[in-house]
Amino acid sequence: MKIMGILNVTPDSFSDGGRHDDVAAAVAFGRALFAEGAHLVDVGGESTRPGAAAVSVDEECARVVPVVRALAPHGPVSVDTRRAAVARAALDAGATLINDVSGGADPDMLPLVARAGCAIVLMHMRGEPDTMQRLAVYDDVCAEVWAALDERAVAARAAGIPEGNIILDPGIGFAKTAAHNLALLRDLPRRTSRSVLVGASRKAFIGALTGQARAAERLEGSLAVALHAQDAGAAYVRVHDVAATVRALAVWTAIRPAP
Ligand code: HH2
């Protein structure tokens, strides 16, 4: 399983907002994530936490592109964006993977990725970050989330993206209650014949289980999810705490070889 390290260049991300607001600090943090063992670093310029405000394309590009350009010579960089214009600028600056929490909703996104020949993460969500928690209503969350992801994968293939470049993500915490998140994680082993990414690091449902209000203190719960993702056969785990995740997985995989 590959480790995607999180580098948010936003003033308002839920656990690390405002920490890397100049380019040099962001690049130094990204390089440290590579040194700790991240297989790739995911640069995001728009917070998608519940209730977050939208940013303009220009503002998102201004946050993301200089960091991608300076970090890409040091290792593989993905860009966490819902906008094709931002994705295009990031690819030009050296990004090699697009992480799209909207599952390719921008009509220009899938054709862009097909032309670029890069891989894309298609994540499940409903609505927009500021409204999504109102849409966390499902009869059968696993069946509905994976049916929606299948539809996005069909759209991606129709746009010319080969199956090998499609990574699916159930979108832990995006229009999901804590019970939905747990059901999706429990169900994960049934879904990993495809390439699957799990992003649960420091999220609120972990705090709800452990009684921790502060996101930065949710390390142990985040590690528990990473070990589960490894056992379930996930291809990627998206985490804030790269060094700790690498160490936990080193011991876990020594005991239980990859599925
Ligand atoms: N979660 C967040 C952002 N991007 N991308 C994928 N593929 N999967 C996720 O679960 C996911 C994601 C939210 O976490 P974070 O980046 O830490 O916070 P914020 O959105 O506040 O910047």
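Counting starts at 1 for both ligands and their atoms, in listed order.
- Ligand 1 has K203 within reach: a non-hydrogen atom of the residue lies less than 4.0 Å from it.
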If you apply the rule salt bridge (Lys or Arg N to Asp or Glu O under 4.0 Å), what do you find for R82 with D106, and how did you get there?
CA-CA 7 Å; R82 303 185 282 161; D106 180 330; over 6 Å; no
Give the C-alpha distance, both sets of side-chain angles, the deciding distance and a yes or no for side-chain contact (heavy atoms from CB on, under 4.5 Å) between L71 and F34.
CA-CA 10 Å; L71 191 57; F34 285 130; 3.9 Å; yes
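- Counting atoms of ligand 1 from 1 in the listed order, those under 4.0 Å from a heavy atom of V121 are 7 (N).
- Residue contacts with ligand 1 include D169, since one of its heavy atoms falls under 4.0 Å from the ligand.
- Under the 3.5 Å distance criterion, the side-chain polar atoms of R238 are left unmatched by any main-chain donor or acceptor of A200.
- Between R202, H124, M4, R238, it is R238 that holds the heavy atom closest to atom 2 (C) of ligand 1.
- Between E46 and ligand 1, no N or O atom pair is found at a separation short of 3.5 Å.
- Considering backbone and side-chain atoms together, N99 places an N or O closer than 3.5 Å to an N or O of ligand 1.
- Atoms of ligand 1 found under 4.0 Å from any heavy atom of N8, numbered from 1 in the order shown, are 15 (P), 16 (O), 17 (O), 18 (O), 22 (O).
- For ligand 1, the atoms sitting less than 4.0 Å from at least one non-hydrogen atom of H240 are 17 (O), numbered in the order shown with element in parentheses.
- Here L197 has side-chain heavy atoms under 4.0 Å from ligand 1, and that is the only part of it that gets that close.
- For the pair R126 and Y138, the cation sits on the ring face: its NZ or CZ lies under 6.0 Å from the ring centre, inside 45° of the axis.
- With rounding to the nearest 0.5 Å, the separation of CG in L168 from CD1 in I166 is 7.0 Å.
- Atom CZ of residue R31 and atom CZ of residue F29 lie 14.5 Å apart, to the nearest 0.5 angstrom.
- In the displayed structure, R157 atom CZ is contacted under 6.0 Å by more than 12 heavy atoms of other residues, nucleotides or ligands.
- Per-residue contacts place D80 under 4.0 angstrom from the following atoms of ligand 1 (heavy atoms of the residue considered): 3 (C), 4 (N), 12 (C).
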Run the side-chain hydrogen bond (donor to acceptor under 3.5 Å, both in side chains) check on S78 and D42 step by step: do they pass?
CA-CA 5 Å; S78 60; D42 190 39; 2.6 Å; yes
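- Residue V101 approaches ligand 1 through these ligand atoms, each under 4.0 Å from one of its heavy atoms: 4 (N), 5 (N), 12 (C).
- Residue S47 has at least one nitrogen or oxygen atom sitting less than 3.5 Å from a nitrogen or oxygen atom of ligand 1, judged on distance alone.
- Close N/O approach between G199 and ligand 1 is found [any backbone or side-chain N/O within under 3.5 Å].
- The hydrophobic clustering, which links ILVMFWY residues whose side-chain heavy atoms are closer than 4.5 Å, places M123 and M132 together.
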